[in-house]
Structures are given as structure tokens and as C-alpha cells.
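Here is the structure we will look at, set down as C-alpha cells.
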Amino acid sequence: MKKITALFTVAVLTAAIITSCSSPKTKENELSKQEEEQGYQLLFDGKTLNGWHLYNQGNISSGWIAQDGELKCLPGTAARHGDLVTDQDFENYELSFDWKISKEGNSGVFINVVERADIPTAWASGPEYQLLEKGHHDYDKEMKRAGCLYNFSPQLNPAEVNPPNEWNHSVIRQQNGKIEFLLNGIITAKEDFNSTKWRQAVANTNFKNFPEFGKHLKGRIALQDWNKGISFKNIKIRKING
């Protein structure tokens, strides 16, 4: 009886190992079955810049490249530089992405970007999810740390950014103008772009000089180029009901 029990145990463990090994593991820049069921779509296929272009410059060659499964902005190159924006507009959504940054690096992700010839840059309309390496001189300014709604509020909860060239995970949620930022699993910002509080906050900054800033609840997503070295992967988005 003990022998039969032992054999049965071995068989169960073997089956478990085989099942575990045969379970498909989601590859970089691909959607899991669960993500597909949740309605996610990839914004970066890991190989091309399809779906992206330079702000107000169209689909031209630039310092942004797809290399080694990463969407990179290479510093110190002679290539044209500028912020990279999605071809599509987005309104109510959850965006998730992984990013790593160079030493003393500075970048960001803009949301609700309006792309027009009379609006010179992505940040002139789109509020920013700040990306910043701890060695950068702005890190001492609490409203400019990674995960912040740039220049409007300090981190809602303390969240550490990983060392240079190590991956971080971020999430941006927007629903009917209410946004929530997460950095490495921690909520770092909340705001309501419909509120009087938000309009007053904008009026108290230099952004007041840009008439389209922070007024839109729909627009493009932009990746900021500061020519410092930044990489993204696993950029995924799903629509949320308004």
C-alpha cells in the first residue's frame, strides 16, 4: 500500500511539473490570454515603430528606434529628436508600460495630447507622468519625482524608482477625466481634470501661458525625448467604460 501511495505521489508531482513547464509564458511585448480577454491592445510590437510618429513631424526617421525588443530614444545621436506620439487618440483607458532610464535621465509620458500645428510641443497640452532617475538634480524637488503628476503634486505615496537601466513598471488610468498614476505597484498621483481645483492649480503655474494645457480629456499619448536615454517595453492599453 505504501509503495502504491508513493508511486501515486510521484505521478502527481510529475504531472504538476509537466503542466507547469508546458504552461505558456507571456513573452515581452505580447499579450497574455487574460490580457486579450480584458481587451488590451499592444502599442509597441517590439520590432517596429508602427502606430507612432514624431509630434507635428509625422513618420520620419529619428532618435527613436525599435531595438532588442525595446522602444528606445538614443542620446547623443545626429538623428532628429522630438517627442514620440501615438497615431491614435485615447479617452477612457488603462495604460501600462515598463521603462528604464539612464543615469541622471529625465523623461515623461504625456496624456491627452492635442497635436496641432499651432501647439508647438506635446507638453503644451498634455499633463505629464514624470520619469526621472534619482541622480538627476530635479529629484530633490518633490513635485518632479518619478510617478508624479509633473509640477502639480508630490508622490501621493512614497514610491522608489529602480537604479539606472533597471526596469520599472507604471500604470496610468483615466476615466471621465479622473486620473490615477502608479509606480511599481504604488499609487503616486490622483487628479480630476474636470475640477475647479485643477483649473486653479494650472492657473498658478507657467502652464497658464499655454491655452490648451490640461483642458482635454481625450488625446494622444506621447513619450518625452530629453536626449538622455530612455527605453520602454510592454506598452499595453485597454479601454475603460466612461
Side-chain angles (χ1 to χ4, degrees), residues 39-44 49 51-59 64 71 73 82-97 99 106-132 143-144 146-156 170-183 187-226 230 232 235-242:
Y40 277 94
Q41 69 177 91
L42 283 174
L43 293 186
F44 173 54
L49 299 187
W52 298 85
H53 63 275
L54 279 194
Y55 181 87
N56 271 349
Q57 297 183 70
N59 189 15
W64 292 95
L71 178 53
C73 189
D83 297 335
L84 196 70
V85 298
T86 56
D87 294 345
Q88 301 180 59
D89 289 344
F90 299 95
E91 187 172 6
N92 297 310
Y93 59 84
E94 178 174 293
L95 171 73
S96 67
F97 56 96
W99 59 278
N106 183 2
S107 185
V109 176
F110 303 110
I111 60 175
N112 302 331
V113 171
V114 177
E115 187 176 18
R116 292 197 323 237
D118 63 320
I119 303 176
T121 62
W123 58 260
S125 63
E128 179 183 356
Y129 181 117
Q130 170 78 318
L131 306 178
L132 195 74
M143 292 194 297
K144 295 186 177 182
C148 287
L149 177 56
Y150 175 81
N151 210 35
F152 284 97
S153 58
Q155 290 181 342
L156 191 61
S170 292
V171 174
I172 296 174
R173 297 192 186 105
Q174 176 171 260
Q175 189 170 24
N176 298 325
K178 295 181 178 180
I179 62 99
E180 184 176 76
F181 292 171
L182 288 87
L183 172 61
I187 297 174
T188 51
K190 287 186 177 184
E191 188 55 82
D192 184 352
F193 292 152
N194 291 300
S195 68
T196 300
K197 171 179 167 287
W198 170 248
R199 289 190 289 272
Q200 290 175 341
V202 173
N204 289 326
T205 70
N206 289 333
F207 289 111
K208 67 184 178 184
N209 299 316
F210 299 90
E212 299 299 333
F213 180 81
K215 293 184 177 178
H216 300 270
L217 308 182
K218 178 181 179 180
R220 305 195 175 186
I221 294 164
L223 310 179
Q224 188 179 35
D225 171 16
W226 265 114
I230 182 76
F232 298 87
I235 310 173
K236 305 172 183 182
I237 196 167
R238 70 179 178 95
K239 293 181 179 179
I240 296 176
N241 293 329

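Below, each value reflects all heavy atoms present in this structure, side chains not excepted, and no hydrogens, waters or symmetry copies. FYI, the numbering just counts along the sequence from 1.
When atom types are taken as modelled, the side chain of Q174 and the backbone of E91 share a donor-acceptor pair closer than 3.5 angstrom. Distance alone, capped at 3.5 Å, places no donor-acceptor pair between the N204 side chain and the A201 backbone. For W64 (side chain) and L49 (main-chain N/O), no donor-acceptor pair under 3.5 Å exists by modelled atom type. For the pair S107 (side chain) and I230 (backbone), a donor-acceptor distance under 3.5 Å is absent. Checking side-chain atoms of Q130 against main-chain N and O of G147 turns up no donor-acceptor pair under 3.5 Å. A donor-acceptor contact shorter than 3.5 Å is absent between the side chain of E212 and the backbone of A124. A donor-acceptor pair is defined here as one N or O able to donate and one able to accept, closer than 3.5 Å; no such pair exists between the side chain of R220 and the backbone of A122. Judged purely by atom type and a 3.5 angstrom limit, Q88 has no side-chain atom pairing as donor or acceptor with the backbone of G51. Checking side-chain atoms of W198 against main-chain N and O of G214 turns up a donor-acceptor pair under 3.5 Å. With D83 contributing its side chain and D225 its backbone, the two residues share a donor-acceptor pair below 3.5 Å.
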Verdict with supporting geometry, Y93 and Q175, side chain to side chain donor-acceptor pair (under 3.5 Å): CA-CA 7 Å; Y93 59 84; Q175 189 170 24; over 6 Å; no

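One finds the CG atom of D192 at 9.5 Å from the CG atom of N176 (value rounded to the nearest 0.5 Å). Taking NZ from K190 and NZ from K178, the interatomic distance works out to 10.0 Å, rounded to the nearest 0.5 Å. Between D87 atom CG and L43 atom CG the span is 10.0 Å, to the nearest 0.5 Å. One finds the CG atom of N92 at 8.5 Å from the CG atom of L217 (value rounded to the nearest 0.5 Å).
Aromatic pair W123/F210: centroids less than 6.0 angstrom apart. Aromatic rings from F152 and F207 are positioned such that their centres are separated by under 6.0 Å.
Scanning for side-chain hydrogen bond (donor to acceptor under 3.5 Å, both in side chains) contacts around W99 gives S170, with sequence neighbours left out. Every side-chain hydrogen bond (donor to acceptor under 3.5 Å, both in side chains) that Q57 has, sequence neighbours left out, goes to R80.
Using modelled atom types and a 3.5 Å distance limit, the side chains of H53 and E115 yield a donor-acceptor pair.
Within the 4.5 Å cutoff, the side chain of L95 has no heavy atoms near those of the K236 side chain.
Across I221, I172, L182, a single residue satisfies side chain to side chain contact (heavy atoms under 4.5 Å, CB included) together with Y129, and that is I172.
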